[in-house]
Amino acid sequence: MPPPLRVFEYEKIYYDKPGHDFKKKHWERLYKYNEQHKNKYYTLLGKGIQFGNYVGVIQVGNLTIEILPKAEKLYRKAPVDDKNFRDAEAGKWHDALLDMLAICNKLIVNKVDKARLNLKANSFLDIYLKLFLESVQSLLHQGLIKKYKKVAENRSALKGKLLFNRHLAFNIVHQERFFVEHTTYSSDNIYNRILLKALKIIPSISLKHAPHAHTLIAQFPELPDIEPTDDTFAKLRYDNRKTERYEEAMLIAKMIILNYRPDIKGGSQNVIAILFDMNKLWEEYVYQLLHRNAKGLNLHVAQQASAKFWLKGIAGSRSRKVRPDVVVRHKHTNRILIIDTKWKIPDNLEPSIDDLKQMFIYNLFWDCNESILLYPGMNNQLQGQYHSYPNTQEDMNGSCKAISRDIFDDYGKLSKTFCKELLVNFAG
């Protein structure tokens, strides 16, 4: 496998370009993959691709493409011909994205895992596959989940309850057999079927990890094949000692199974993509940091709180809702602070009129006087006040600040405290 081709959000790449491993055959498979996903992840160009706001990794055949956050637009733009500068920026954002995914629970990894797997030196797909294989190996060592299940089958010995109607249908000329229903303690359950399904995909996408996957597959009992969907994973529960140890493996198994598209022509250009909407990832990251940094400040931090905004129909039985990203409530004074995250840098830090209207509604519906539009970027702040209502005696005292904060610390690492001062100032 050649080293990963690293690009940034909204960047364009073209096939058969000197110095790149991106070929026309890769473009053709990515065209079909994007078509299957309703052109969700990137835009197809005449001889290339323009990436959007999804970050992560795409592997097509022997080519791995990492899409990193838009570093050159957020901070300094790398000179076109300065490869060392670009590589340094790519490495910096690779590590930042890895840490962001871990904080947002998209990648369950601790310090021991980082040291053992040398995560930062690998592509995101390589990291996920390594963690998955390590997790499955641990589950096999501890013992796979076994559950009681009812089995209906034709047997040579009577066991359990005789299913009389089916017994007559199947055994009218085979009186030595019995069609029965009995209970068995078996490894055949949804959790183990999903693990085995993901293991069987790995050799198709990674020659490097194929031997380890085959070794683990050989340790599984024979299980029926399964075609899991989003709904399948949504129904899984990790509410007891046996199932909670499966959660990490299931997180990665879901990514592998739902994002894998084999080459239907039987070729070698299988595609798998593990991608995240950077807008949603930024929102989740900010919420997680605010939640952590609120400890000891008498603040309650809630994500995606909603309020009814528009009632539909005469009876108003259905409604449209408004949902700010984060609502911070002071436990003693009940003061409220609304924070909405934006993964972009507006010119002169001046919000769009649509963003300001949105925040105005939040101020009204949550009866708060303080709201913040939070952007990544160099430390800056723009204070703004909403105008008073026309033709009324009341003043509209609500304010909306536009604030940008550097998400890196002094050592160039992803900061875990860059938004703590917002909470400290609000807590008073």
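This structure is a prediction, so every number in the text was calculated from the model and none was measured. FYI, side chains are in, hydrogens and waters are out, and symmetry mates aren't considered; it's all heavy atoms of this structure.
- Formation of a donor-acceptor pair under 3.5 Å by the Ser135 side chain with backbone atoms of Glu248 is not found in this model.
- Between Tyr191 and Tyr238, the ring planes are perpendicular. Angles over 60° get that label, and only those under 30° would be called parallel.
- Side-chain atoms of Ser371 come within 3.5 Å of backbone N or O of Ser399 as a donor-acceptor pair.
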Tyr41 vs Ile49, test: side chain to side chain contact (heavy atoms under 4.5 Å, CB included). Steps then yes/no. CA-CA 10 Å; Tyr41 296 124; Ile49 290 175; over 6 Å; no
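- The shortest distance between side-chain heavy atoms of Ser187 and Pro221 falls below 4.5 Å.
- With respect to Lys344 and Asp355, a salt bridge is recorded, a charged nitrogen being found less than 4.0 Å from a carboxylate O.
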Go through the steps to decide whether Asn369 and Asn363 satisfy the test side-chain hydrogen bond (donor to acceptor under 3.5 Å, both in side chains), and finish with yes or no. CA-CA 6 Å; Asn369 292 329; Asn363 279 29; over 6 Å; no
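- When the shell of 6.0 Å around NE2 of His300 is examined, it contains 12 or fewer heavy atoms from other residues, nucleotides or ligands.
- The side chain to side chain contact (heavy atoms under 4.5 Å, CB included) test with Ile256 singles out one residue from Leu125, Leu129, Leu199, and that residue is Leu129.
- Remark: the backbone N or O of His209 is paired with a side-chain donor or acceptor of Ser206 at under 3.5 angstrom.
- Glu284 meets the salt bridge (charged side-chain N to carboxylate O under 4.0 Å, His left out) test with no other residue; sequence neighbours excluded.
- Checking each of Leu97, Asn53, Ile58 against Ile67 for a side chain to side chain contact (heavy atoms under 4.5 Å, CB included) leaves exactly one that passes, namely Ile58.
- The cationic group of Lys92 lies under 6.0 Å from the six-membered ring centre of Phe408 and within 45° of the ring axis, placing it in a cation-pi geometry.
- No donor-acceptor pair under 3.5 Å is formed between the side chain of Lys23 and the backbone N or O of Asp21.
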Show your working on side-chain hydrogen bond (donor to acceptor under 3.5 Å, both in side chains) between His291 and Gln303 and close with a plain yes or no. CA-CA 9 Å; His291 183 72; Gln303 185 182 28; over 6 Å; no
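- Side-chain atoms of Val327 and Ile338, non-hydrogen and from C-beta on, do get closer than 4.5 Å to each other.
- Between the Asn270 side chain and the Ser204 main chain, a donor and an acceptor come within less than 3.5 Å of each other.
- Looking only at distances, no side-chain donor or acceptor of Arg335 sits under 3.5 Å from a matching main-chain atom of His332.
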Passes side-chain hydrogen bond (donor to acceptor under 3.5 Å, both in side chains), Glu283 versus Thr341? Steps please. CA-CA 6 Å; Glu283 174 192 326; Thr341 61; 4.8 Å; no
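- Both tests do not hold together for Arg405 against Tyr375: distance to the six-membered ring centre under 6.0 Å, angle to the ring axis within 45°.
- Inspection of the Glu9 and Trp343 side chains reveals an N or O donor paired with an N or O acceptor under 3.5 Å.
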Should Tyr362 and Gln358 be marked as a side-chain hydrogen bond (donor to acceptor under 3.5 Å, both in side chains) after you check the CA-CA gap, both sets of side-chain angles, and the distance that decides it? CA-CA 7 Å; Tyr362 294 158; Gln358 183 182 46; 3.2 Å; yes
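- For Arg245, the side chain to side chain contact (heavy atoms under 4.5 Å, CB included) partners are Leu139, Gln142, Ile145, not counting sequence neighbours.
- No donor-acceptor pair closer than 3.5 Å links the side chain of Arg261 to the backbone N or O of Arg29.
- A donor-acceptor pair under 3.5 Å is formed between the side chain of Glu66 and the backbone N or O of Phe124.
- Contact of the Leu258 side chain with the Phe233 side chain is registered, since non-hydrogen atoms from C-beta on lie closer than 4.5 Å.
- In this structure, Asp16 does not pair ionically with Lys24, as no charged nitrogen and carboxylate oxygen lie closer than 4.0 Å.
- When side chains are defined from C-beta on, Arg292 counts as touching Ile103, because their heavy atoms get closer than 4.5 Å.
- Taking the charged nitrogens against the carboxylate oxygens, Lys342 and Asp340 do have a contact shorter than 4.0 Å, which makes a salt bridge.
- Here the side chain of His20 pairs no donor or acceptor atom with the backbone of Phe22 at under 3.5 angstrom.
- No donor-acceptor pair closer than 3.5 Å links the side chain of Asn192 to the backbone N or O of Asp188.
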Please evaluate residues Val55 and Leu275 with respect to the criterion side chain to side chain contact (heavy atoms under 4.5 Å, CB included), reporting the C-alpha separation (whole Å), side-chain torsions for both, the decisive distance (0.1 Å), and the verdict. CA-CA 5 Å; Val55 297; Leu275 299 170; over 6 Å; no
Side chain to side chain contact (heavy atoms under 4.5 Å, CB included), that's the test. Do Trp282 and Ile407 meet it? Break it down for me. CA-CA 11 Å; Trp282 170 241; Ile407 66 175; 3.6 Å; yes
Please determine whether side chain to side chain contact (heavy atoms under 4.5 Å, CB included) holds for the pair Tyr42 and Asn34, giving the CA-CA distance in whole Å, both sets of side-chain angles, and the decisive distance to 0.1 Å. CA-CA 7 Å; Tyr42 43 82; Asn34 206 37; 3.4 Å; yes
